[in-house]
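Report on one structure; see the data block that follows.
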Amino acid sequence: MGPAPGVGWATPRLRVSHPRPECVPMHVAFNLAADLDAALTSAATAAGLEAAGFAPEVRTADPRHGDFQANGVLGYAKARKLNPRAVAEKLVAALPASVKEACEITIAGPGFINFSLKPAALFGWLRTHDSAAHLKAGAGTAKSGQQWVVDYSSPNTAKQMHVGHLRSAVIGEAICRLLEFNGAKVVRDNHIGDWGTQFGKLIWACKKAQVADAAALDAALARDPLEEFERLYKVGNDAAEADPAVMDAARAELVKLQAGDAENLAVWKHINGVSLAAFQQIYDQLGIRFDVTLGESFYNDQVERIYRELTATGIAEESQGALVVFHPEHPRFKTQPFIMRKADGASNYATTDLATALYRVEHFHADGIVVVTDFRQGDHFEQLFLTVRKWFAAKHYRVPELHHVTFGAVTGEDGKALRTRDGGIVKLKELLAEAEARAFALVSERSADIPAEERHAIAATVGVASVQYADLSQNRSSDYVFAWDKMISLEGNTAAYLLYAGARIHSIFRKLGATPGDAATEAAASALETPAELALARKLVKFADAIRIATDTLRPHFLSLYLYELAGEFSAFYGADKVAVDDPAVRARRLMLCARTLLVLETGLHLLGLRTLTRM
RNA sequence: GCACCUGUAGCUCAACUGGAUAGAGCGCCAGACUACGAAUCUGGAGGUUAGGGGUUCGACUCCCUUCAGGUGCACCA
């Protein structure tokens with residue numbers, strides 16, 4: 001999606017014709033790659049290319065070749081048996097003067113068009129994008145006016161959150177923030193599992209414990225309710241697996257619950273209240289606040305309509321007593337059913353997920369729905385989305401974009417599912433506490449001069465950020481190897497390295513008695529000159545592209561990678577060029593670079609859901 | 001059996017969904033603090049992208065096939 005016409009190079013209105021930075025015009029596009037793309041598209045028409053068959057394909061380039069490259073002429077020329085370099089030359093000749101003034105343009109190899117931003121153009125971008133609000137204003141056109149619903153975290157009640165719940169929560173929150181930054185309105189929906197068969201077993205076990213020793217049960221529930229419910233679930237589950245009669249009894253309890261039995265409903269409510277309170281403690285640490293928590297139970301009374309509509313539209317059919325959907329056009333789902341009503345008449349998660357999709361469109365007017373779960377539910381969501389598209393089309397409901405955002409398993413360093421020393425599940429509560437403890441040890445070792453109280457606060461940020469970032473820094477589709485040493489490490493692509501880079505910039509401003517982004521200081525800045533200054537500026541300008549790709553692919557690691565490279569570029573600059581020099585114009589421009597690096601770094605980290613520090 | 005995911009440097013991971021000489025960190029080797037935080041930086045060595053075919057100007061990326069690991073597949077979510 002290109003920028004709004006008339007805001008950049010695509011029109012002759014912008015003229016970066018004066019090398020003196022103070023003359024840089026006000027309107028500088030946030031996403032220069034997109035702007036260049038638009039300029040090339042216009043130029044293609046002017047140059048007599050077949051506009052319909054030409055896409056510029058602008059992307060960020062290897063710094064050896066420039067800042068951006070356009071690859072579109074290769075395919076275009078090939079398809080028409082033209083000389084690609086000749087086409088590229090025609091195209092470049094047709095570019096508006098503003099682009100030629102802002103960039104060095106070369107044609108290389110088989111027909112790549114390379115663009116290198118001149119120092120004044122880089123300076124202009126930095127001057128324009130001087131606050132978080134201006135960055136957001138630039139990015140916010142991409143999904144402006146769209147409504148999205150993001151379904152993430154979604155643990156089951158009656159159980160504690162464990163390490164398996166981490167990725168959905170962390171990745172989901174980052175996706176929410178990215179969508180918002182791009183201008184979308186986002187509803188954060190915690191689709192908790194509060195209506196499944198686990199309650200049959202759990203209620204059965206509760207009643208049994210009640211009969212056996214009511215006082216002991218009450219005492220255990222008073223001490224740590226969630227631990228006790230978890231233990232009872234295990235009792236019920238083991239018993240049900242060992243004895244079919246217990247399984248039947250548990251099913252009966254579930255049926256009673258779903259029918260509205262007062263006693264079972266009371267137990268169920270108690271369990272959910274206790275669970276949500278415990279979840280919120282984790283969410284507070286991760287900086288997550290849901291707009292709605294609409295679990296499976298919320299849709300319980302809406303399932304009849306689902307059965308009715310899917311039957312009436314001919315999408316669902318009876319099979320072996322169940323109501324199912326087959327997809328004849330699909331190699332597998334033509335025989336593998338999507339069961340939306342069990343043979344015993346009960347609903348299941350296919351039913352509630354169908355109802356959920358409908359509710360999100362009817363109630364929230366969703367343009368896009370994102371569901372963040374692990375990859376093992378791939379079949380389910382593929383079937384669900386196929387069904388939803390057919391159903392909504394048949395009923396003339398709005399069909400939103402549907403995305404199943406998957407991620408791999410969390411494994412230990414042996415490649416197997418992560419377990420504690422004694423083979424138990426790693427509880428999220430304990431994992432975060434350990435991260436904090438390890439971070440505290442590290443901060444204490446490195447910064448013994450900071451008061452203990454502040455060190456604890458720093459450790460809380462570093463510990464949680466390290467856990468979050470470990471997840472966000474790698475492609476979500478691969479399995480994730482959990483390794484403490486790598487996670488809390490200060491070296492390499494870690495949260496601590498990025499937080500350190502930020503703390504060091506804050507330190508520069510403290511030392512020089514300056515304020516980041518101070519307009520009076522920056523007004524004195526001279527043109528960018530040294531290789532390190534220019535390299536850093538080039539990296540800063542590409543923030544827009546990092547945001548774009550992370551959002552388009554719903555993969556936050558593209559942003560993480562960018563921020564890591566930015567921090568590295570800053571460290572190189574820091575080592576090469578001293579900020580605290582006597583020449584006021586040089587000092588001013590380097591302070592400006594520091595301020596923009598800080599701005600982009602902190603804005604980016606906040607988009608990932610991390611908290612940042614001013615010292616550590 | 002049928003499908004999906006994964007396989008890249010000794011290790012942990014990237015590679016913008018087909019672009020230029022496949023990049024980082026750790027580890028290893030050699031350097032840089034009487035300079036704003038060395039929790040840092042600058043160099044170097046390290047690759048048949050699991051194997052084999054194919055598609056094309058161009059392939060880690062797409063297709064076919066073999067191998068290895070993981071995961072799903074009728075009433076759990």
Side-chain angles (χ1 to χ4, degrees), chain A residues 33 57 59-62 64-65 69 71 74-75 77-78 84 108-112 114 154 156 193 195-198 296 319-324 330-333 335-344 346 348-350 352-353 373-380 382 406 408-409 411 413 415-416 442-443 445-447 473-475 477-481 483 485-486 489-494 496-497 499-501 503-512 545-546 548-550 552-553 555 557-558 560-562 564-565 568 571-581 587 590 594 615-616:
Chain A
E57 290 181 37
R59 59 189 60 203
T60 59
D62 186 310
R64 283 173 298 202
H65 302 121
Q69 63 184 64
N71 302 335
L74 276 81
K78 177 74 173 71
F112 299 110
N114 291 331
S154 310
N156 289 333
W195 205 241
T197 43
Q198 80 261 32
E296 288 156 357
S319 175
Q320 298 178 26
L323 187 63
V324 309
H330 192 282
R332 201 155 19 103
F333 303 142
T335 52
Q336 183 180 320
F338 186 57
I339 300 170
M340 51 177 287
R341 186 179 62 207
K342 302 196 282 184
D344 64 5
N348 64 2
Y349 84 138
T352 51
D353 279 357
T373 81
D374 73 282
F375 67 100
R376 287 176 299 184
Q377 297 188 46
D379 275 7
H380 168 74
E382 203 180 338
T406 63
T411 73
E413 294 183 61
K416 293 178 186 159
L442 201 66
V443 173
E445 180 194 326
R446 303 288 177 168
S447 303
S473 62
Q474 85 171 239
N475 192 326
S477 31
S478 40
D479 284 353
Y480 161 39
V481 179
D485 290 339
K486 192 188 153 207
S489 162
L490 315 156
E491 292 155 335
N493 191 3
T494 60
Y497 177 82
L499 294 177
Y500 172 74
R504 196 159 60 169
I505 298 173
H506 277 289
S507 172
I508 293 169
F509 283 99
R510 277 196 300 270
K511 203 71 112 201
L512 300 183
D545 202 59
R548 191 222 90 224
I549 190 173
D552 282 357
T553 59
R555 291 181 187 272
H557 81 281
F558 285 113
S560 303
L561 181 68
Y562 167 79
Y564 172 59
E565 288 172 353
S571 291
F573 159 75
Y574 180 88
D577 294 337
K578 190 177 178 183
V579 177
V581 294
R587 180 193 281 225
R590 290 183 183 165
C594 288
R615 67 172 186 163
M616 63 188 281

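Letters go in sequence order (proteins before strands), and every chain restarts at 1. Just so we're clear, the structure is a prediction, and the values are computed from it rather than from any experiment.
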- Taking only the side-chain nitrogens and oxygens of A:Arg590, find out if one of them lies under 4.0 Å from OP1 or OP2 of B:C36. no
- Query: Now, which nucleotide makes the Watson-Crick or G-U wobble pair with B:C4, with each of the two distances under 3.5 Å?
  - Reply: B:G70
- Message: Need one value for A:Ala503: base, sugar-phosphate or nothing, where a base atom within 4.0 Å counts as base even if backbone is also close, heavy atoms only.
- Response: base
- Query: Rounded to the Å, how far apart are A:Phe375 CZ and B:C73 P?
  - Reply: 12 Å
- Using a 4.0 Å heavy-atom cut-off across all strands, classify A:Val579 as base, sugar-phosphate, or nothing. base
- Note on the structure: Protein-proximity profile, nucleotides 14-23 of chain B, B/S/- by nucleotide at the 4.0 Å heavy-atom cutoff, equals SSBB-BBB-S
- Using atom P of each nucleotide, how far apart are B:A14 and B:A50 to the nearest Å? 14 Å
- So which nucleotide does B:G23 pair with, by the Watson-Crick or G-U wobble rule with both distances under 3.5 Å? B:C13
- Checking all strands, does A:Ser571 fall into the base, sugar-phosphate, or nothing category for heavy-atom contacts under 4.0 angstrom? sugar-phosphate
- Have a look at A:Gly492 and say if it touches a base, only the backbone sugar-phosphate, or nothing, with a 4.0 Å heavy-atom cut-off. sugar-phosphate
- Please work out if A:Lys511 contacts a base, only the sugar-phosphate, or nothing of the nucleic acid, heavy-atom cut-off 4.0 Å. sugar-phosphate
- Query: Considering every strand shown, what is the Watson-Crick or G-U wobble mate of B:U55 when both distances are under 3.5 Å?
  - Reply: none
- Item | Nucleotide opposite B:A32 in a Watson-Crick or G-U pair, distances under 3.5 Å | B:U40
